[in-house]
Amino acid sequence: MADQHFPTGTLMAGKRGLVMGVANKNSIAWAIARQLSSQGAELAFTYQGEALLRRVKPLAESIGSSILCECDVTNDETMDSTFSKLETEWGKIDFLVHAIAFAGKDQLAGSFIENTTREGFKSALDISAYSFVDAGRRAAEIMNDGGSMITLTYLGSERVIPNYNVMGVAKAALEASTRYMAADLGPRQIRVNAISAGPIKTLAAAGIGSGRHMFRFNKAASSLQDNTDPMGVAGAALYLLSDLGLSCTGETHHVDGGFHSVGMPQELALKESLGIS
Ligand code: NAP
């Protein structure tokens with residue numbers, strides 16, 4: 001992705017917003033940030049802890065952004081300070097990108113019913129779903145009329161994906177939250193949508209058991225017979241966050257090469273992916 005060229009233009013000119021969830025250059029949030037910046041957006045970023053600051057700061061600076069806020073979404077103080085810093089610096093914002101999820105590694109392997117603990121369930125739902133409700137409420141308080149918010153989800157919310165387990169439940173809650181938030185904020189012309197991306201190689205994806213098989217299977221079984229390109233996700237984000245997305249809210253938009261729409265994969269491609277002759 002580092003060498004990819006994001007289409008330039010003015011679709012986001014004059015718009016300012018917060019991007020939550022850049023861990024490194026492979027993060028989906030970073031592809032989205034680059035696309036938004038290439039269209040004229042001004043961006044602020046959150047990061048979790050000093051180690052992440054070392055990685056996020058140079059990325060932010062490379063696109064002319066200097067507003068970095070330390071933020072752990074489970075910590076109200078850091079959420080408060082993040083949004084008050086934005087209000088102090090900018091007064092108002094126009095958009096929010098939420099690309100945050102977490103579940104313990106022990107929760108992301110094997111049997112869902114056997115391995116999901118109360119603590120694991122609570123923390124996955126808190127960090128991966130409630131944080132969008134919390135950040136969305138705070139962002140709406142300082143949004144211009146006509147704002148837009150997005151979050152990132154995955155098909156494991158709708159169907160069983162091996163090892164995705166409690167994260168699938170968290171993503172279902174996240175998608176439902178998106179619809180309720182859209183209804184609440186609609187009268188203020190604030191749109192709220194989710195992008196359901198196919199598997200992309202990032203730090204978060206590395207935590208899920210059977211990752212390699214997942215990429216091969218998705219490539220073989222998707223309509224486009226390819227893995228999901230972060231640029232496609234970034235393009236969808238641009239549509240939803242810019243005025244191109246007018247009238248679109250409460251939606252979960254799939255960017256996964258058509259994988260979600262396939263009932264039965266093409267035999268030949270599937271055999272090749274599984275190494276069967
Ligand atoms: P990523 O680069 O690892 O990003 C995940 C981000 O969540 C990291 O910046 C991480 O920060 C942050 N985070 C976790 N717990 C947090 C907390 N308590 N407070 C603040 N930030 C926290 O992985 P990604 O794949 O781009 O993930 C972004 C979003 O896309 C996630 O919602 C993920 O579920 C979703 N998604 C990913 C895929 C995929 O295949 N990669 C597909 C569909 C949807 P730390 O590194 O500091 O923990």
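Just the heavy atoms: all of them, side chains too, but no hydrogens, waters or symmetry mates, feed the values below. One-based numbering, in listed order, for ligands and for the atoms of each. This one's a predicted model, so the numbers in the text were calculated from it and none came from an experiment. Residue numbers run from 1 in the order of the sequence given.
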Within the 4.0 Å heavy-atom shell around [X], which atoms of ligand 1 are there?
{"X": "Ala23", "answer": "2 (O), 8 (C), 9 (O), 46 (O)"}
{"X": "Tyr154", "answer": "43 (C)"}
{"X": "Gly198", "answer": "40 (O), 42 (C)"}
{"X": "Ala197", "answer": "42 (C), 43 (C)"}

Look only at the side chain of [X] and the backbone of [Y], and say whether a donor-acceptor pair between them is shorter than 3.5 Å.
{"X": "Asn193", "Y": "Glu251", "answer": "yes"}
{"X": "Arg138", "Y": "Thr82", "answer": "no"}
{"X": "Gln107", "Y": "Thr117", "answer": "yes"}
{"X": "Asp134", "Y": "Arg137", "answer": "no"}
{"X": "Ser242", "Y": "Leu238", "answer": "yes"}
{"X": "Asp94", "Y": "Gly147", "answer": "no"}
{"X": "Asn165", "Y": "Gly110", "answer": "yes"}

Ring-plane angle category for Phe217 and Phe259, please: parallel below 30°, perpendicular beyond 60°, tilted otherwise. perpendicular
Under 4.0 Å, heavy-atom basis, I'd like to know which part of [X] is in contact with ligand 1: side chain, backbone, both or neither.
{"X": "Thr153", "answer": "backbone"}
{"X": "Lys171", "answer": "side chain"}
{"X": "Thr151", "answer": "neither"}

Nearest heavy atom to [atom]: which of [options] does it belong to?
{"atom": "atom 5 (C) of ligand 1", "options": "Ala99, Pro230, Ala29", "value": "Ala99"}
{"atom": "atom 20 (C) of ligand 1", "options": "Ala101, Ala129, Cys71", "value": "Cys71"}
{"atom": "atom 26 (O) of ligand 1", "options": "Ile28, Asn24, Val73", "value": "Ile28"}

Taking the six-membered ring of Phe95, is NZ or CZ of Lys15 closer than 6.0 Å to its centre and within 45° of its axis? no
Who's the nearest protein heavy-atom neighbour of [atom], and how far?
{"atom": "atom 35 (C) of ligand 1", "result": "Leu152 CB, 3.7 Å"}
{"atom": "atom 18 (N) of ligand 1", "result": "Asp72 OD1, 3.0 Å"}
{"atom": "atom 40 (O) of ligand 1", "result": "Ile200 N, 2.7 Å"}
{"atom": "atom 21 (N) of ligand 1", "result": "Ile100 CD1, 3.6 Å"}
{"atom": "atom 4 (O) of ligand 1", "result": "Gly21 O, 3.5 Å"}
{"atom": "atom 11 (O) of ligand 1", "result": "Gln48 NE2, 3.6 Å"}
{"atom": "atom 2 (O) of ligand 1", "result": "Ser27 OG, 2.6 Å"}
{"atom": "atom 24 (P) of ligand 1", "result": "Thr202 OG1, 3.5 Å"}

Does ligand 1 have an atom that lies less than 4.0 angstrom from a heavy atom of Ala51? no
Going by heavy atoms, is Met20 under 4.0 Å from ligand 1? no
Is there a side chain to side chain contact (heavy atoms under 4.5 Å, CB included) between Tyr180 and Val133? Walk through the geometry before answering. CA-CA 9 Å; Tyr180 280 92; Val133 182; over 6 Å; no
